[in-house]
Number of protein chains: 2
Amino acid sequence: MTRRDEIVRHAGELFRKKGYARTTVRDIGEKVGIQSGSLFRHFVSKEEILLAVMVKSIDDVIAVIKSELPKLETTSERLRTLIRIELCAILNQLGEGFILSVTEWDYLSDDGKAAIAPHVERYNAVWADILQEAQTSGLIRIDNSVLRELLRGATRHVPAWFDQDGPISLDQLVDAIFEMATVRQ
Amino acid sequence: MTRRDEIVRHAGELFRKKGYARTTVRDIGEKVGIQSGSLFRHFVSKEEILLAVMVKSIDDVIAVIKSELPKLETTSERLRTLIRIELCAILNQLGEGFILSVTEWDYLSDDGKAAIAPHVERYNAVWADILQEAQTSGLIRIDNSVLRELLRGATRHVPAWFDQDGPISLDQLVDAIFEMATVRQ
DNA sequence: GTCTATAAAGTGATAGAC
DNA sequence: GTCTATCACTTTATAGAC
């Protein structure tokens, strides 16, 4: 693992925990074990570190999706799995900063947004495909683009209240979201 | 309207638009039409301004709920209305910073959180009551505390994608959320 | 109650030695 | 490639005149 990777990993953890704005380059340096000034031999700016975290996280999650979904035979299974993967990603069991591409979007410069956009769009396309399938087969009840955003909001908010060691398991949470999204059949 | 009220109103608008962290006291002063230093004759700190925005917003929304819900006769109508009011609040058609009590929660000091908590709890209690009713009458399908958080996430995320002048009306959005939350009957 | 001016602290980023 | 040291700037908040 290169130093650059190491910085991305630690920065991702800090950004998630404290938010991008409240994480200083000194925090990142301390976590990595180097001085803050040394970070700038690896990245030209703090924003570039955020971008690297976002890109890696999104791409990691897409890779998992591409490897898992083709195995599944029904639309219902694919939708349920997609919900599960998004939840794992958001709960940081996959990648390290997936959620940041939603929560910290506004902190990016225009150039930064443009750099991330293709990755975000690839991820969105996966969801659009599955929801299109689900709508065609009558699995979901409401407009699929509206449903996508309602589900994105629901999953995005999960870290604020869900305790992985609490009374509800991750599987139960996936079931609840799937149940909410779909028609009872 | 007192100067204090004026500050709260303008600060709320800025906090919503740019976020608390990126809004400076200079921004607020400029908007109000006074120097930043003068703000501190009305509030002891920037955080106290945020607290005032939050408290006012939450209390305004609770007041609307208390005036509208008792008129309604069915659980279904009450739940739908509660969803509509939360959406209006989050879209800033009610109060000025309702959503801030969710999005900017982490920026509060411990004392700040303690000051807001009773107001948030009163709001949560309204939802808990209605969802309890809905669960008893079989209107909703999943655990009501889980459903509450899924819906809170869904509505909280709405400003990020919903355009009030776009193709979908607010009423249609309320319908979609209600449809998602409830059993088809 | 507002102004001007500034204190005190923190920020991202750079320079140059090693 | 990391260090030390620091620049240039921004931030919240204060002091004292009016």
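Letters A, B, ... mirror the listed sequences (proteins, then strands); counts begin at 1.
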Heavy-atom count check: over 12 atoms from other residues, nucleotides or ligands less than 6.0 Å from [X] [atom1]?
X        : atom1 : value
B:Asp163 : CG    : yes
B:Lys56  : NZ    : no
B:Lys66  : NZ    : no

Polar side chain donor-acceptor pair, A:Ser145 to A:Asp143, under 3.5 angstrom: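 The criterion, which ignores hydrogens and geometry beyond distance, is satisfied for A:Asp143 and A:Ser145.
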Using a strict cut-off of less than 4.0 Å between a Lys/Arg side-chain nitrogen and an Asp/Glu carboxylate oxygen, indicate whether B:Arg22 and B:Asp27 qualify as a salt bridge.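 No.
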Using a strict heavy-atom distance below 4.0 Å, which residues from residues 106-115 of chain A are in contact with DNA chain C?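 None - not one residue of the stretch has a heavy atom sitting under 4.0 Å from the strand.
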Using heavy atoms and a sub-4.0 Å distance, could you list which residues of residues 7-39 of chain A are near DNA chain C? By number, please.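 Residues of residues 7-39 of chain A under 4.0 Å from DNA chain C: A:Thr23, A:Thr24, A:Val25, A:Arg26, A:Gly37.
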Which residue lies more 5' along DNA chain C, comparing A:Ser45 with B:Arg41 via nearest heavy atoms: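 Upstream on the strand: B:Arg41.
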Is there a side-chain contact between [X] and [Y], using heavy atoms and a 4.5 Å cut-off?
X        : Y        : result
A:Asp60  : A:Val64  : no
A:Ile99  : A:Pro159 : yes
A:Tyr107 : A:Glu47  : no
A:Asp59  : A:His119 : yes

Donor-acceptor pair, distance only, cut-off 3.5 Å: does the side chain of A:Gln135 make one with the backbone of A:Gln132?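 Not at all, since once roles are kept as given, no pair shorter than 3.5 Å links the two residues.
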With a 4.0 angstrom cut-off to heavy atoms of chain B, pull out the first and last contacting nucleotide of DNA chain D, in 5'-to-3' order.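 Result: D:dT11 to D:dG16.
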